[in-house]
Amino acid sequence: MGPLSARLLMQRGRPKSDRLGKIRILDLSGLKLISEHLDPKLMCRLTQLQELDLSNNQLETLPDNLGLSHLRILRCGNNQLRDVTALCQFLQLEELSLEGNPFLTVNDNLKVSFLLPKLRKVNGKDASLACSQVENLNRELTNRVTAHWEKFMAAVGPEEKDEKAQADFVKSAVRDVRYGPESLSEFTQWRVQMISEELVASGGTLVHEADNPQRHPKAAAAHKPRARLVALKRPDDVPLNLSPNKRACASLSAQVEGSPVGSNGGQPAPKLEPLHFLQCHSKNNSPDDLKTQLWACAFEPAWEEGATSQTVATCGGEAVCVIDCQTGIVLHKYKAPGEEFFSVAWTALMVVTQTGHKKRWSVLAAAGLRGQVRLLHVRAGFCCGVIRAHKKAIATLCFSPTHETHLFTASYDKRIILWDIGVPNQDYEFQASQLLMLDTTSIPLRLCPVASCPDAYLLAGCEGGCCCWDVRLDQPQKKRVCEVEFVFSEGSEASARRVDGLAFVNDDVVASKGNGLGTICLWSWRQTWVGRGHQSTVAVVVLARLQWSPTELAYFSLSACPDEGIVLCGDEEGSVWIYDVRSILKQPSPLPAAPQAPTQILKWPQPWAHSQTVTKTMVNTVVANPTFTYLTALTDSNIVAIWKRQ
């Protein structure tokens with residue numbers, strides 16, 4: 001396809017006319033157009049154009065001066081767009097489609113919401129949530145830039161307050177002002193630079209952009225973002241969808257404050273404040289959905305050594321959400337109609353791009369009812385690959401802590417499979433291969449590579465107990481049976497008791513739940529393993545027992561925060577039980593036989609949802625980031641609850 005002609009525009013325009021100025025709807029889709037084909041001189045003659053379809057072409061950019069001042073609907077799906085700032089020329093735009101542009105990210109989605117004040121729909125979805133998120137980000141960034149200005153100028157002498165000092169301020173603001181997750185850094189730095197420049201131009205007058213996110217087109221277009229090899233999915237409306245019914249939906253309760261209860265002489269209980277309550281998994285995006293059960297969450301690995309993550313993935317129903325805990329923004333939302341997600345797990349891969357550059361990818365694996373593992377490119381929010389792993393539902397999955405491409409999946413077919421997902425090719429596709437198959441005698445519920453030797457042994461909590469497999473890849477058998485079954489008391493039926501909670505607190509101490517009513521067991525992997533000999537059934541060496549809810553309901557998953565020595569577990573009353581394991585294990589031996597009280601219990605804060613108080617719920621799982629800054633709890637009532645440590 002060559003440059004556009006007036007004749008072609010009249011042929012594809014509506015209503016039919018021999019004058020370009022009378023065309024209101026124009027379809028230029030599927031013409032293999034490149035950016036140079038959009039001649040501004042020709043396009044400017046479409047003075048009454050209200051709807052333009054440019055989808056399914058090869059556009060990398062849009063010219064800055066197309067002159068379509070009445071444009072209300074623009075479709076640019078399935079192109080190669082790398083930047084959205086040129087859209088600021090369409091100030092009357094109400095509906096926009098950008099799906100299928102693999103270089104756009106959630107940052108571009110937020111820029112669109114900022115640049116287009118009348119935007120109502122993006123990719124067919126309501127844009128109001130993203131606009132609200134942008135307003136909140138603007139408000140916080142404006143406050144932080146203003147505070148930075150005051151601090152910066154206070155340190156500059158009167159004779160230094162010249163153009164160079166002002167330019168230095170802009171550079172320092174872009175460098176030092178931070179807010180929100182790393183995945184939004186492109187948008188926040190873009191806004192920080194704009195706010196800083198406007199603050200300088202106004203001579204330090206307080207900027208009011210936070211309350212009025214509209215921007216002048218020229219100012220907005222001056223800042224071009226870096227291209228990223230990802231695709232656009234906008235953060236969705238507040239709710240999400242559907243529910244796995246692993247157990248009958250029961251009742252719950254709640255209060256407002258967490259209360260320290262332990263008396264073990266440890267450190268003072270951490271002060272945690274409720275921060276966000278998100279209803280982002282509603283069926284059909286309904287605000288009335290308080291029934292969708294949420295099952296698993298996991299924090300994204302930190303991008304830098306010594307850093308910590310505040311980005312958490314949650315799953316439940318037919319959707320997976322990626323949430324920034326600091327702001328409460330749903331960064332990405334992935335839906336698979338008809339699926340019910342039970343588990344998520346993260347890994348970080350180093351990928352070589354088409355230009356030969358190395359790029360770090362955060363990849364999220366999600367699985368559930370259909371027995372398929374979906375590998376999600378998190379920055380883009382789209383699925384890069386599907387592994388048809390099992391014929392029955394997948395209960396849980398986890399990545400190896402030492403091999404970033406090795407993924408364990410555990411299924412209701414009573415099998416655990418180790419996969420090598422590989423790294424994506426230049427088309428961003430995965431080619432997974434099976435490495436091992438581990439047979440179980442009952443359904444595996446939780447997976448846990450042994451902390452001190454993750455390449456050698458895998459623990460699994462199952463419906464029938466706790467089992468261990470040899471997973472060394474230098475062994476010849478590729479199909480293996482359980483090597484050791486662990487029991488939790490002598491001569492009882494405990495060997496056949498469900499283990500639905502399992503986590504390593506450190507290299508030696510394991511926390512497990514389900515084998516004793518109302519308790520969590522702390523036991524030593526090292527001492528248990530050394531004393532096993534050649535036995536296939538081994539009693540664990542118990543270090544301590546922790547008091548927990550006496551409920552007979554199952555599938556409340558526990559988690560550990562090894563860097564802080566903390567164990568977490570929810571219950572049927574909406575509470576979060578917190579244990580300072582380090583303090584408990586420091587007590588003089590022998591420890592009391594009675595279960596140790598929790599360090600703290602966070603009561604359910606009774607949030608409002610759709611003009612009613614959610615007074616009762618069950619907390620299915622609780623996970624904290626490595627530094628225990630943020631704590632995320634998932635409920636049976638379609639609520640993601642986030643606390644922050646003060």
Side-chain angles (χ1 to χ4, degrees), residues 80-82 99-110 180-189 225-235 297-315 320-324 329-334 336 341 343-367 372-387 389 397-409 419-433 625-626:
Q80 300 294 315
L81 294 176
R82 298 169 181 264
E99 288 183 312
N101 284 276
F103 297 100
L104 297 182
T105 73
V106 67
N107 291 276
D108 299 292
N109 187 40
L110 295 177
E182 173 66 24
S183 59
L184 294 185
S185 61
E186 184 180 313
F187 173 78
T188 55
Q189 289 180 16
R226 300 189 308 274
R228 293 195 177 184
L229 296 177
V230 271
L232 174 66
K233 282 278 187 186
R234 76 176 292 100
C297 59
F299 276 87
E300 181 182 14
W303 280 61
E304 297 177 1
E305 189 86 25
T308 188
S309 174
Q310 61 189 38
T311 305
V312 68
T314 61
C315 74
V320 175
C321 288
V322 179
I323 302 165
D324 173 51
I329 291 176
V330 180
L331 302 173
H332 308 284
K333 183 175 173 182
Y334 174 79
F341 287 107
S343 188
V344 288
W346 291 91
T347 190
L349 303 179
M350 195 60 68
V351 178
V352 179
T353 67
Q354 293 176 337
T355 57
H357 294 97
K358 290 185 177 180
K359 193 176 186 69
R360 184 186 186 276
W361 267 27
S362 283
V363 174
L364 183 66
Q372 300 175 350
V373 179
R374 298 171 190 274
L375 300 172
L376 308 180
H377 186 329
V378 176
R379 284 289 181 104
F382 69 90
C383 182
C384 291
V386 177
I387 304 171
L397 44 73
C398 74
F399 279 98
S400 164
T402 52
H403 296 282
E404 65 273 10
T405 64
H406 287 188
L407 175 68
F408 290 98
T409 59
W419 304 88
D420 187 347
I421 66 170
V423 293
N425 58 26
Q426 291 187 342
D427 295 323
Y428 315 118
E429 298 171 338
F430 287 90
Q431 296 293 328
S433 59
N625 67 342

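FYI, side chains are in, hydrogens and waters are out, and symmetry mates aren't considered; it's all heavy atoms of this structure.
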Separation between NZ (Lys333) and OG1 (Thr314), nearest 0.5 Å, reads 10.0 Å

Item to check | Donor-acceptor pair, side chain of Thr347 and main chain of Glu404, under 3.5 angstrom | outcome: yes

Apply side chain to side chain contact (heavy atoms under 4.5 Å, CB included) to residues Leu104 and Asn109 and explain how you reach the verdict. CA-CA 8 Å; Leu104 297 182; Asn109 187 40; over 6 Å; no

To the nearest 0.5 Å, atom CD1 of Ile323 lies from atom CG of Leu331 at 8.5 Å

Closest non-hydrogen contact found for Asn107 with Ser185 is OD1-N, 3.9 Å

Mind running side chain to side chain donor-acceptor pair (under 3.5 Å) on Asp420 and Thr405 for me, showing each step along the way?
-> CA-CA 5 Å; Asp420 187 347; Thr405 64; 2.8 Å; yes

Taken in chain and number order and not counting sequence neighbours, the residues that satisfy side chain to side chain donor-acceptor pair (under 3.5 Å) with Gln310 are Asp324, Gln326

On a heavy-atom basis, the closest approach of Ala345 and Phe399 is O-CE1, 3.5 Å

Taken to the nearest 0.5 Å, the spacing of Leu184 CG from Gln189 CD works out to 11.0 Å

Practice item. For His332 and Val378, indicate whether the former's side chain and the latter's backbone hold a donor-acceptor pair under 3.5 Å. Key: yes

In this structure, OG1 of Thr311 is separated from CG of Asn625 (nearest 0.5 Å) by 10.0 Å

Go through the steps to decide whether Phe430 and Val373 satisfy the test side chain to side chain contact (heavy atoms under 4.5 Å, CB included), and finish with yes or no. CA-CA 12 Å; Phe430 287 90; Val373 179; over 6 Å; no

Could you give me the CA-CA distance, side-chain angles and deciding distance for Val423 and Trp361, then say whether side chain to side chain contact (heavy atoms under 4.5 Å, CB included) is met? CA-CA 10 Å; Val423 293; Trp361 267 27; over 6 Å; no

**Request:** Could you tell me whether the side chain of Asn101 and the main chain of Phe103 form a donor-acceptor pair under 3.5 Å?
**Result:** no

The side chain to side chain donor-acceptor pair (under 3.5 Å) partners of Ser362 (sequence neighbours excluded) come to Glu300, Arg360

Side chain to side chain donor-acceptor pair (under 3.5 Å) filter on Ser309, not counting sequence neighbours, yields none

Residue set satisfying side-chain contact (heavy atoms from CB on, under 4.5 Å) with Val386, at least two apart, ordered chain then number -> Gln372, Arg374, Cys383, Arg388

Residue set satisfying side-chain contact (heavy atoms from CB on, under 4.5 Å) with Ser343, at least two apart, ordered chain then number -> Thr396, Leu397

With sequence neighbours left out, the residues meeting ring-ring contact (aromatic ring centres under 6.0 Å, His included) with Phe187 are Trp190

Contacts of Trp346 meeting side chain to side chain donor-acceptor pair (under 3.5 Å) (sequence neighbours excluded), chain-then-number -> none

Output for pair (Cys398 SG, Leu407 CG), nearest 0.5 Å, gives 7.5 Å

